[in-house]
Amino acid sequence: MQIDSKRPLIVQSDFTILLEVRHPQFDTVRAGLARFADLVKTPEHIHTYRMSALSLWNAAAAGMTTQEITTFLEENAKFGVPHTIKLDIKRFVERYGLIRIESLGEDLLLISDDVEPIKEMVSFKSLRSYGLCQVDAKTLRFSATYRGALKQELIKLGYPVEDLAGYSRGEELPIRLKPEGKAGKAFQLRDYQSSAVDSFYREGSLHGGSGVLVLPCGAGKTIIGIAAMGKLNCATLILTTNSTSVRQWKREILEKTDATEDMVGEYTGKVKDVRPITIATYQILTYRKSKDDLFKHMDLFNKRDWGLIVYDEVHLLPAPVFRVTADIQATRRLGLTATLVREDGREEDVFSLVGPKRYDMPWKELEGQGWIASVTCKEIRVPLSAEERDKYMMAESRSQVRIASENSAKLAIVEELLELHNGDQIIIIGQYIDQLKQISDLLGAPLIYGQMPHEERETWYRKFRSGELQTIVVSKVANFAVDLPDASVAIQISGSFGSRQEEAQRLGRILRPKEGANLASFYSIVSSDTKEQDFALNRQLFLIEQGYTYSIEERIPVDAPVNPIKAVYSTDGQEAALS
């Protein structure tokens, strides 16, 4: 074993990897690790990553080999890589594709080049209900009805299936992208957007047609989805998060393709118009009058012969839509997201039913190329007042979270930040409407929230985009699909229990490239020594995972028995300021 203490990694026998934060190769090595491991802890000097079966299967699906992973680790590990770890990496990586699905007439086949996995399939009691019929030592036959459900079950058993059974063509719908130089707005893909589309399409082969593309907000995921439609030329169902996003998709489709208004339909709470290209919300699909009723809008999946289904923000895909997706595995499926993290832990279902990760563009790489803004991230910790602290200590757990979120001291910090960023386009985002109304009244800025009529909401957004408004206060509706290209400052005053996916969406509101220096600022105001601070650690984890330096500023109460010193430090362990 070659030992080199100057290298940045320590690979441990429990599948964790420690990365030295202050190492000169930190950024490069972090980017390499992110391809096959997940960040789990971020103390000052050492970041902890963990490899998992799913992270290695996604790496394998994206084309990484055992040799690439082990070579990377060996070249960067201080004390080498334990032999058992190399064997386990090999075992997991080679599991992907060990069993594949292929078609045989109306039936499907489970095939392996090795007899042992097929023997194991036959022995599993949980697979007996799928009607598996042995053809030979390396092949099982089953009904196409069970294509999705069987993939879900097999991944639970440790067998991520490679699905090569192909797809139905769907209803023909020629869609041409508007080329540069012709009438209408020019449509030209950036290099990374072309790569993302190609990684999904794979020249129309059986290896393409399903999977997830991971890119930051502001990177043009909508454009990538439209380009995929242009490759496939078929009727397309697009599922997204809310009505604002529906209209954004429709606007982009009409601007960037030769599709006409009568070809694009909206399917929401207000409009139910099924056209060759239909854009629907997850909310309408999962609507029912009571928990015992059927999801009456789920039949949208059968309204036309869809050739492609696009799952926008696939990390938010509701459980009932998973069940329907299991039944439509013969339809091409494209997932778009800024993060594969799901709060319900169903990442394996995304892998099985929508498809594995096909492309992942690092946020900092796009920032370096100027395609998204360069963002500074800061958490400002403010104490509760003595009265609020007493109330907090006496409250039950859920109430404690709200008390911490609505800390009255946050208002002064908001005012301070607005003064600091005077002249910038600022979004203030929070969880609790009462708190947001208080800030809205204090600042004289409009509050945009879920109950506001859509037309009024769009009016305020339009004024903000035009520069007529410099500050808006927004509830959770800002988490998804709000196109605010000129916003350069986001101030987060409360959030959803440390949700990493929410952090991705909120950061995305300020990522679009800016004129001039292309800089943006992202602030989180957190009550110190409370559950909110604990939750903030999880949110912080996401930002660091994307490569951002995350500084923390502690505000000491003015009535403290020491001078009110503000300590500022950052996640790379470097003290940034002391004033």
Verdict with reasoning, Ser405 to Ser494, per side-chain hydrogen bond (donor to acceptor under 3.5 Å, both in side chains):
CA-CA 5 Å; Ser405 295; Ser494 52; 5.1 Å; no
Please report the C-alpha distance between Thr331 and Phe301 in whole Å, then the side-chain angles of each, then the deciding distance to 0.1 Å, and finally whether the side-chain contact (heavy atoms from CB on, under 4.5 Å) criterion is met.
CA-CA 10 Å; Thr331 303; Phe301 286 93; over 6 Å; no
Given side-chain contact (heavy atoms from CB on, under 4.5 Å), test Ile493 with Tyr432 step by step and report yes or no.
CA-CA 9 Å; Ile493 58 168; Tyr432 300 105; over 6 Å; no
Begin from the C-alpha positions of Leu443 and Val414 and carry the test side-chain contact (heavy atoms from CB on, under 4.5 Å) through to its verdict.
CA-CA 9 Å; Leu443 303 178; Val414 170; 4.1 Å; yes
Trp249 and Ile277: CA distance, side-chain angles, deciding distance, side-chain contact (heavy atoms from CB on, under 4.5 Å) verdict
CA-CA 11 Å; Trp249 270 93; Ile277 301 170; over 6 Å; no
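In this structure, CD on Glu172 lies 8.0 Å from SG on Cys234, to the nearest 0.5 angstrom. Rounding to the nearest 0.5 Å places CG of Leu308 at 10.0 Å from CZ of Arg169. Considering OG1 of Thr337 and CG of Asp360, their distance stands at 10.0 Å, rounded to 0.5 Å. Interatomic distance, Ile491 CD1 to Phe522 CZ, rounded to the nearest 0.5 Å: 10.5 Å. Considering CZ of Arg457 and CG of Leu447, their distance stands at 11.0 Å, rounded to 0.5 Å.
Every side-chain contact (heavy atoms from CB on, under 4.5 Å) that Thr268 has, sequence neighbours left out, goes to Ser243, Val246, Lys270, Val271, Thr281. Residues passing the side-chain hydrogen bond (donor to acceptor under 3.5 Å, both in side chains) test with His297 are Tyr267, sequence neighbours excluded. With sequence neighbours excluded, the residues that form a ring pair (Phe, Tyr, Trp, His ring centres under 6.0 Å) with Tyr523 are His421. For Tyr146, the ring pair (Phe, Tyr, Trp, His ring centres under 6.0 Å) partners at least two apart in sequence or on another chain are Tyr130. Remark: Glu171 pairs with Arg304 by the side-chain hydrogen bond (donor to acceptor under 3.5 Å, both in side chains) rule, at least two apart or across chains. Partners of Pro356 under the side-chain contact (heavy atoms from CB on, under 4.5 Å) rule, at least two apart in sequence or in another chain, are Asn58, Ala61, Tyr96, Phe351, Arg358. For Asp163, the salt bridge (charged side-chain N to carboxylate O under 4.0 Å, His left out) partners are Arg147, Lys151, not counting sequence neighbours. With sequence neighbours left out, Glu458 forms a side-chain contact (heavy atoms from CB on, under 4.5 Å) with Thr244, His454, Tyr461, Arg465. Listed by chain and residue number, nothing satisfies the ring pair (Phe, Tyr, Trp, His ring centres under 6.0 Å) test with Phe200 (two or more places apart in sequence, or in another chain).
Looking at Ser55, its side chain does come within 3.5 Å of a backbone N or O of Phe36 through a donor-acceptor pair. Although no hydrogens or angles enter the test, the distance criterion places no donor-acceptor pair under 3.5 Å between the side chain of Glu266 and the main chain of Asp273. Of the possible polar contacts, none joining the Ser440 side chain to the Leu436 backbone as a donor-acceptor pair under 3.5 Å is found. Between the side chain of Asp293 and the backbone N or O of Ser290, at least one donor-acceptor pair lies under 3.5 Å. Under the 3.5 Å distance criterion, the side-chain polar atoms of Glu456 are left unmatched by any main-chain donor or acceptor of Pro453. In this structure a side-chain-to-backbone donor-acceptor pair under 3.5 Å is present from Gln283 to Thr241. The closest donor-acceptor contact from the side chain of Thr257 to the backbone of Leu254 lies at 3.5 Å or more, if one exists at all.
Here the closest non-hydrogen pair linking Ser210 and Val354 is CB-O, 3.4 Å. The two residues Ser129 and Ser126 make their nearest non-hydrogen contact at OG-O, 4.0 Å. Scanning both residues, Glu406 and Gln435, for their nearest heavy atoms gives CA-NE2, 3.6 Å. Of all non-hydrogen atoms in Ser245 and Asp312, the two that sit nearest each other are OG-OD2, 3.6 Å. Of all the heavy atoms in Ala445 and Val473, the pair that sits closest is CB-CG2, 4.1 Å. Residues Gln425 and Phe464 come closest through the heavy atom pair NE2-O, 2.6 Å.
A 6.0 Å sphere centred on CZ of Arg176 holds no more than 12 heavy atoms belonging to other residues, nucleotides or ligands. Within a 6.0 Å sphere centred on CD of Glu348, heavy atoms belonging to other residues, nucleotides or ligands number more than 12. Around the CG atom of Asp262, the shell of radius 6.0 Å holds more than 12 heavy atoms that belong to other residues, nucleotides or ligands.
The residue from Lys256, Lys250, Gln248 that alone fulfils the side chain to side chain donor-acceptor pair (under 3.5 Å) condition with Glu252 is Lys256. A side chain to side chain contact (heavy atoms under 4.5 Å, CB included) with Leu239 is found for one member of Leu316, Val310, Ile309 and no other, namely Ile309.
A salt bridge does not link Lys178 to Glu255: none of the charged side-chain nitrogens sits closer than 4.0 Å to a carboxylate oxygen.
A donor and an acceptor atom, one from each side chain of Gln152 and Asp349, are located under 3.5 Å apart. If you check the side chains of Gln492 and Ser524, you find a donor sitting under 3.5 Å from an acceptor.
No side-chain heavy atom of Asp434 sits less than 4.5 Å from a side-chain heavy atom of Gln438. When side chains are defined from C-beta on, Glu365 does not count as touching Tyr192, because their heavy atoms never get closer than 4.5 Å. Two residues are said to be in side-chain contact when any heavy atoms from C-beta on lie closer than 4.5 Å; Leu317 and Tyr282 meet this criterion. For the pair Leu366/Arg190, no side-chain contact is recorded, criterion being any heavy-atom separation below 4.5 Å from C-beta on. Between Ile175 and Ile253, every side-chain heavy-atom pair lies at or beyond the 4.5 Å cut-off. Using a 4.5 Å heavy-atom threshold, the side chains of Lys303 and Thr278 count as separate. Considering only heavy atoms from C-beta on, Leu285 stays 4.5 Å or farther from Val324 through its side chain.
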Expected list for residues 99-107: side-chain donor-acceptor pairs under 3.5 angstrom, two or more places apart:
residue, atom, partner, partner atom, Å
Arg100, NE, Glu102, OE2, 2.8
Arg100, NH2, Asp113, OD1, 3.2
Asp107, OD2, Arg141, NE, 3.4

Residues 213-231, side-chain donor-acceptor partners within the protein, below 3.5 Å, at least two apart:
residue, atom, partner, partner atom, Å
Lys221, NZ, Leu215, O, 3.4

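Sequence neighbours left out, not one pair with a member in residues 330-339 passes salt bridge (charged side-chain N to carboxylate O under 4.0 Å, His left out).
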